[in-house]
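Structure record follows, encoded as structure tokens.
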Amino acid sequence: MTNASRPVIEVADLVKVYPGGRKAEPVRAVDGITFSVGEGEFFGFLGPNGAGKTTTIRILATLLRSTSGRAVVAGHDVARDPAVVRRLVGFAMQTVAIDIMGTGRENLELIGRLHRVPGPELRRRVDELLELMGLAEVGGKLAGTYSGGMKRRLDLASALVHRPAVLFLDEPTEGLDPQSRTTLWEELLRVRAAGTTMFLTTHYMEEADRLCDRLAIIDHGRIAVEGSPAELKRGIGSDTVSLTLGGDGADGLAAAQESVDRLLAGFEPVASLERTAVGVTLAVRDAHAAIPEVLRRLDGDGVRVAGLSMAEPTLDDVFLRHTGTRIRQEAADRPIDMGWM
Amino acid sequence: MSALAAVGWEARWLGLRTIRRFYRVPANPVSIVLFPLIQLFVFSQLFKDIVQLPGFAGESSYLAYLAPGQIVFTVFFAVSWIGGNLLYDYRSGFLDKLRVAPVNRYSILAGELVPLFLECAVMAGTILALSVLLGAQIATGLPGAILILVIAGAFGVAWSGVSFVPALITKNEQATGTLSLLLFPIAFMSTAFVPVALMPDWLQTVNRFNPISYVIEAIRVLMSVGFDWPIIGQAAVAIVILGVLLQGATLAAFRRLTN
């Protein structure tokens, strides 16, 4: 038994530099990352494409060598003992990697055989996994005929057939429709409930929020901040209050916005005010308690509040605070390597 | 488990997957039988009367002369696209999935090469069977026929490097096809169709270094003469040299791709 207090994944000062070529500058994809993940924990990297998430996870899964730094997974150094690490981890990659000319069952059996799972035990586990992933009825059909969501679930099953201590998930729901995504989340939580340590990378805030016990926000190869989703959101310190203001035409709206600005000046919980196309957006500390007072102050002086909505901070706000950009705006996909161009 | 037994175990399951992938596309099993048959039929008709030329001393029919050349020629063509399989797995991410599993790199190549050996042997067997059906005789009988299949399979495995290397270096299917096309003249300039005595001087010199001709000549003696070990030995040496060079290059390219 592993000591519960000992981390299952330990990473220290990890650096990966992709060498440049004739036309390309060297890229520092991972720039000194340090973190650890405890046994049974669901840990995530949240960040935009190109932030260094996939590079890190590929180093941890022994597919890539780091330039410097140290990574220990399930008690073994990934650079020194890759063969041992491979027996102990499962990896569901960003692109679904299944044999489309094999059936679902054959796909799982091949990976199980390569992991030396003995025959009778393998058949039992394959049945169990097909059932768990909702593929029992199509287990005998060619994987090439599966829908996108089914292929994802088969891919995930194939990363579990040898009962890994650590499961790596690189953008596990990329390209799935919302319903398939929710189904897959449920399955991931079920896998985790069985005691597997999970390491996830994603650029979906909702996914990180929903699945991770703890996450690190990663940008430009560095960890910007780390903590539980709740902690991180609390750290933002304020909620967002959007007011829709009544007012005739552009002049009326501008005048109303001016009044709001004046009336709220000096009211301590309001940290900032931003003008929008229909009114104003306020950053308010502890908005639930402060809203009545905000409305009382706005009452009178001809300001008509036509609508009000309140939102607690999201991980996107956390991302903005710590990196200065929003995740969505950073969808900078890197082109694939053609080999000679 | 010893390293060799481990590679054997992994290659067995990967090889079974390769075979499955092959026969589940109906065009594949059909074409490995049809392709050699069409080759043999077309060329035997095309060059029907060529045996009357003086260089063919001792050959009773062009069919007996042609069949060995066709075996090697067919294998030569058949392996020219094999690199595409590995490329497909590379692109789909399946290769990475195998690398995350405790699998030796050599096992992954062996999982492609063992079924390739069988495929080449089946094609050679098809040609032999048709030739016998059409009246040709195998001077060395069944043992000779089996040796012919082994030579064909071994040659296919060795020669497949000409497809693996460009596939692994360019990572592009079209480039793989066109690059291996550049080597076709080597097959046409061999003794597959005409005896070396009928070739111009320069071609005779070139053929002294053409490994394909050595392999063809070995199969030819097995078919029409007997167990002429020096000639069979030369073919074995040619196959081993080809294999070491081409599969060595394949391994180097494969290591580079997967590092």
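In the text below, chain A, chain B and the rest are named by the order of the sequence lines, each starting its count at 1.
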Practice problem: For chain B, find which of V96(A), T62(A), L110(A) contributes the most heavy-atom pairs closer than 4.5 angstrom. | Solution: L110(A)
Quiz item: Can you pull out the residues in residues 117-127 of chain B with any heavy atom less than 4.5 Å from chain A?
Solution: none
Self-check item: Parallel, tilted or perpendicular: ring planes of F168(A) versus F91(A), cut at 30 and 60 degrees
Solution: perpendicular
Quiz item: Does the ring centre of F199(A) sit less than 6.0 Å away from the ring centre of F45(A)?
Solution: yes
Quiz item: For the candidates E10(B), R20(B), R12(B), which exhibits the highest count of non-hydrogen atom pairs separated by less than 4.5 Å from chain A?
Solution: R20(B)
Quiz item: Taking NZ, NE, NH1 and NH2 as the nitrogens, is one of them in E112(B) or R21(B) under 4.0 Å from a carboxylate oxygen of the other?
Solution: yes
Quiz prompt | Partners meeting ring pair (Phe, Tyr, Trp, His ring centres under 6.0 Å) with H76(A) (sequence neighbours left out) | solution = none
Exercise. Indicate yes or no: does E109(A) engage R125(A) in a salt bridge with an N to O separation below 4.0 Å.
Key: no
Quiz item: In terms of heavy-atom proximity below 4.5 Å to chain B, should I98(A) be classed as side chain, backbone, both, or neither?
Solution: both
Practice problem: Check whether any side-chain N or O of S163(B) sits under 3.5 Å from a backbone N or O of G83(B) as a donor-acceptor pair, and report yes or no. | Solution: yes
Quiz item: Checking L257(B) against chain A: side chain, backbone, both or neither under 4.5 Å from a heavy atom?
Solution: neither
Exercise. Could you tell me whether the side chain of T197(A) reaches within less than 4.5 Å of the side chain of F43(A), counting heavy atoms only?
Key: no
Quiz item: Which residues, numbered in order, of residues 236-253 of chain B come under 4.5 angstrom of chain A by heavy-atom distance?
Solution: none
Self-check item: Salt bridge flag under 4.0 Å for residues R58(A) and D170(A)
Solution: no
Quiz item: Which bit of I111(A) is near chain B, if near means a heavy-atom gap under 4.5 Å: side chain, backbone, both or neither?
Solution: side chain
Quiz item: Under a 4.5 Å heavy-atom cut-off, does chain B meet the side chain of V84(A), its backbone, both or neither?
Solution: neither
Quiz item: Hey, are D89(B) and R17(B) close enough for a salt bridge, meaning a charged N less than 4.0 Å from a carboxylate O?
Solution: yes
Self-check item: Part of R113(A) within contact of chain B (heavy atom distance under 4.5 Å)
Solution: both
Practice problem: Output yes when R152(A) and E187(A) qualify as a salt bridge under the 4.0 Å nitrogen-oxygen rule, no when they do not. | Solution: no
Exercise. Please indicate whether L4(B) has more than 12 foreign heavy atoms, meaning atoms of other residues, nucleotides or ligands, lying under 6.0 Å from its CG.
Key: no
Practice problem: Count the heavy-atom pairs under 4.5 Å between each of L114(A), D155(A), T95(A) and chain B, then report the option with the highest count. | Solution: L114(A)
Practice problem: Taking the side chain as every heavy atom from C-beta outward, state whether L86(B) and F254(B) have any pair of such atoms under 4.5 Å apart. | Solution: yes
Quiz item: How would you list, by chain and number, every residue that makes a side-chain contact (heavy atoms from CB on, under 4.5 Å) with F184(B), sequence neighbours excluded?
Solution: F76(B), F77(B), S80(B), L181(B), F188(B)
